[in-house]
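Notes to accompany the following structure.
Residue indices begin at 1 and follow the sequence shown.
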Amino acid sequence: MRKGLRVLGVAIRAEKAVFAAATLSSALYGVMTVASAWALGWATENVVLPAFAEGEVATGTLVLGALLILGVSLLKALGVAGRRFFAGVMQYRMQARSRREVTRQYLKLPLAWHHRHPTGQLLSNASSDAEAAWAPLAPLPMAVGVVVMLFTAAIALVITDPVLALVGFLIFPAIAVLNLVYQRRLSPLATHAQQLRAEVSEIAHESFDGALVVKTLGREDEETVRFQARAEELRDANIAVGRVRGLFDPMLEALPTLGVLAVLLVGAGRLESGAISSGVLVQVAYLFTLLAFPIRALGWVLAELPRAVVGYDRVQAVLAATGSMEYGAVTLPGTAPARLEVRDLDYAYDDFPVLRGVSFEAEPGRTIALVGPTGSGKSTLTQTFVRLVDPAAGAVVVDGVDLREVARGGVSDAVALVPQQTFLFDDTVRGNVALGLPVGDEDVWAALRLAQADGFVSALPSGLDTKVGERGTTLSGGQRQRLALARALVRRPRLLILDDATSSVDPQVEARILYGLRDAAQASTVVVVAYRMATIALADEVVYLEHGSVVDRGGHDLLLARCEGYRNLVTAYEREEAEREALGAEEEEEVSA
């Protein structure tokens, strides 16, 4: 309860004006609801009973009674409209604010943090958790307003008839105890259900994201079973929540009704003895029927608090996550190719070292090939060049500036990375290449030509306006890689990092791409992770890594002669390529025969 009230306090402090407007509207509704009981009692005493007793009522009295009831009803309606409008504004503003804060934090946190958290969980934090955290804000102004209504009704009851008020008030302790038991039963169930929502989201995202693997390996039934099992757990958890609500809701509804019956029983005796009039009895009974609603409104808020606390805590866990990158104020000016220095760089995933004391430099305009067996740390090293992760020790220096001293956005202005796994958006070719950059079609075509992608793009049905589908499913792997390369080139990077970014491209096309990058009007310093000997031979220098360390560096021919590990690696790849080509030629001959 304390945690839940603190969550509500956060929202109230953030939206003071909106909450005040919603509460005042709700208070107006509460006061007018009590006033409607008084108006009904007055009409009974001065209009209804005289009409039965005398057969007629003065026109002025009748009009006054009608205007009284109508005026109270209009003010009550105004209170309802204001309460609902401002409560909705407050709730949706807080949900939007939480989503923005969470997504901004995602952008600030380093890639290493994202590696430790499933994508489905991150989606759940930004969607269902942010929604759950502020769910109580919808009924909150109503609950605050009906507290005013409750006190107003209680005062009106005491003033009208203290004896009947005392009889009715005996029901309040029972309601308080019932609410306490209700919350204690509901809280753990709501917490469990909210956690399961996140887990269902994680499984669903994993299955959708790995649709190709699921389908090609025939895992549809297994994935269906896995999702079904967790979805059924969520179903059962929600049913358990509903069962508790279904048990306690009627009891909370019934208690005020029992109070009304007790008031009517005692009130009938007092009416018969002449202690009260019929109008007073109607007014008191009606007031007690109204007390059920304030109690239910408070129950709505209390019922949402457990889920709100869980959602708020999960959102706060993201916002409080450490590892956010600090930025300096230095820029990387200029348009000439950049100079890259890697100085004694170390990096580890948790406690597992990946890079150890890596050092080398790339002079402006030169092409450096990073070569090494799988797991030698090449991809991790390229991520440090664009500051997706920061090294545990050492530094990455561009034009004499440590990347940690560069202002936010400064690295991406000068350095571009084309990763191994190409990602294209469900957009046009133009949209995927420009990706929000204000460039014209001439620049887009120039980048496509450099990436050797202009030919197939021209052949597409709508050229630059052709939609490529989700993740570029309408294109081949090589075409997707060339579009990703064009996306980097259109930004005219001074340092271009290619992390095995042309592995799906024909070797001859790959060679033309690298030659084109070298001869471009605005050349870049290029660092390329490569395996093909033909690609490596185009580099000015090769840096060979094993087990996260630089074993040797120099020209391709020099390393072939003196570095056994390098020679074995690149020649093995060439033998595999030759065997694959020979096998393909044999199959073609068999088909021809």
Side-chain angles (χ1 to χ4, degrees), residues 100-101 103-114 322-347 355 358-368 370 379-419 433-440 442-444 446-447 450-451 484-499 501 517-518 520-529 540 543:
R100 285 194 298 268
E101 288 176 346
T103 50
R104 285 177 187 144
Q105 179 73 345
Y106 288 162
L107 296 176
K108 292 178 183 177
L109 290 166
L111 198 62
W113 184 89
H114 288 272
T322 57
S324 298
M325 287 186 169
E326 300 295 330
Y327 294 90
V330 181
T331 59
L332 295 172
T335 56
R339 185 177 193 275
L340 171 68
E341 296 177 73
V342 182
R343 299 175 180 172
D344 297 320
L345 190 144
D346 292 347
Y347 187 81
L355 298 172
V358 175
S359 295
F360 68 90
E361 61 278 335
E363 296 297 330
R366 290 170 66 83
T367 298
I368 303 295
L370 293 180
S379 292
T380 301
L381 186 58
T382 62
Q383 290 174 5
T384 66
F385 297 162
V386 288
R387 214 189 165 203
L388 289 178
V389 295
D390 280 335
V396 176
V397 179
V398 174
D399 288 343
V401 179
D402 188 327
L403 291 186
R404 287 170 290 204
E405 299 174 2
V406 178
R408 183 187 295 273
V411 174
S412 59
D413 288 341
V415 187
L417 167 69
V418 185
V433 173
L435 209 61
L437 196 70
V439 294
E442 291 183 4
D443 292 323
V444 172
L450 263 180
L485 177 57
R487 175 193 295 163
L489 293 174
V490 80
R491 283 154 174 77
R492 304 194 176 203
R494 299 171 53 220
L495 173 62
L496 178 64
I497 315 297
L498 305 178
D499 182 10
L517 293 177
R518 179 175 294 177
Q522 183 175 340
S524 304
T525 302
V526 179
V527 177
V528 54
V529 175
D540 298 303
V543 176

message: Going by salt bridge (Lys or Arg N to Asp or Glu O under 4.0 Å), name the residues that satisfy it together with Glu363, two or more places apart in sequence or in a different chain.
response: Arg339

- request: List the steps and the verdict of side-chain contact (heavy atoms from CB on, under 4.5 Å) for Leu340 and Val398.
  value: CA-CA 5 Å; Leu340 171 68; Val398 174; 4.1 Å; yes

message: Please report the interatomic distance CD(Glu361) to CD1(Ile368), rounded to the nearest 0.5 Å.
response: 8.0 Å

message: Once salt bridge (Lys or Arg N to Asp or Glu O under 4.0 Å) is applied, what residue pairs with a partner in residues 327-338 remain, sequence neighbours excluded?
response: none

- prompt: Does Thr384 have any side chain to side chain donor-acceptor pair (under 3.5 Å) partners at least two apart in sequence or in another chain, and if so, which?
  reply: none

- request: Determine, stepwise, if the pair Phe385 / Val342 fulfils side-chain contact (heavy atoms from CB on, under 4.5 Å).
  value: CA-CA 9 Å; Phe385 297 162; Val342 182; 3.5 Å; yes

message: For Arg343, give me all partners under salt bridge (Lys or Arg N to Asp or Glu O under 4.0 Å), at least two apart in sequence or on another chain.
response: Glu341

What pairs of donor and acceptor atoms, side-chain ones from residues 386-397 against any protein atom, are under 3.5 angstrom apart with sequence neighbours left out?
residue	atom	partner	partner atom	Å
Arg387	NE	Asp390	OD1	2.8
Arg387	NE	Asp390	OD2	3.4
Arg387	NH1	Glu326	O	3.0
Arg387	NH2	Glu326	O	2.8
Arg387	NH2	Asp390	OD2	2.8

Using atom types as modelled, flag every donor-acceptor pair under 3.5 Å from a side chain in residues 408-415 to any protein atom, sequence neighbours excluded.
residue	atom	partner	partner atom	Å
Ser412	OG	Gly409	O	3.1

message: Restricting to side chain to side chain donor-acceptor pair (under 3.5 Å), what partner residues turn up for Asp399, sequence neighbours left out?
response: Arg494

message: If the condition is side chain to side chain contact (heavy atoms under 4.5 Å, CB included), which residues does Glu405 pass it with, not counting sequence neighbours?
response: Val330, Val401, Asp402

field: Listed partners of Tyr347 passing ring pair (Phe, Tyr, Trp, His ring centres under 6.0 Å), at least two apart
entry: Tyr349

- prompt: If every non-hydrogen atom of Pro337 is compared with every non-hydrogen atom of Pro364, which pair is closest and at what distance?
  reply: O-CB, 3.5 Å

statement: Sorted by chain and number, sequence neighbours left out, side chain to side chain contact (heavy atoms under 4.5 Å, CB included) with Ala486 holds for Val433, Ala447, Leu448, Ala451

field: Option among Thr525, Val527, Val528, Leu489 that satisfies the side chain to side chain contact (heavy atoms under 4.5 Å, CB included) test with Leu496
entry: Leu489

task: Go through the structure and list residues passing side chain to side chain donor-acceptor pair (under 3.5 Å) with Asp344, not counting sequence neighbours.
output: Ser359

Side-chain heavy atoms of Arg492 within contact of Asp443, under 4.5 Å: yes

statement: In short, Thr382 meets Val529 closest at the heavy-atom pair CG2-CG2, 3.7 Å

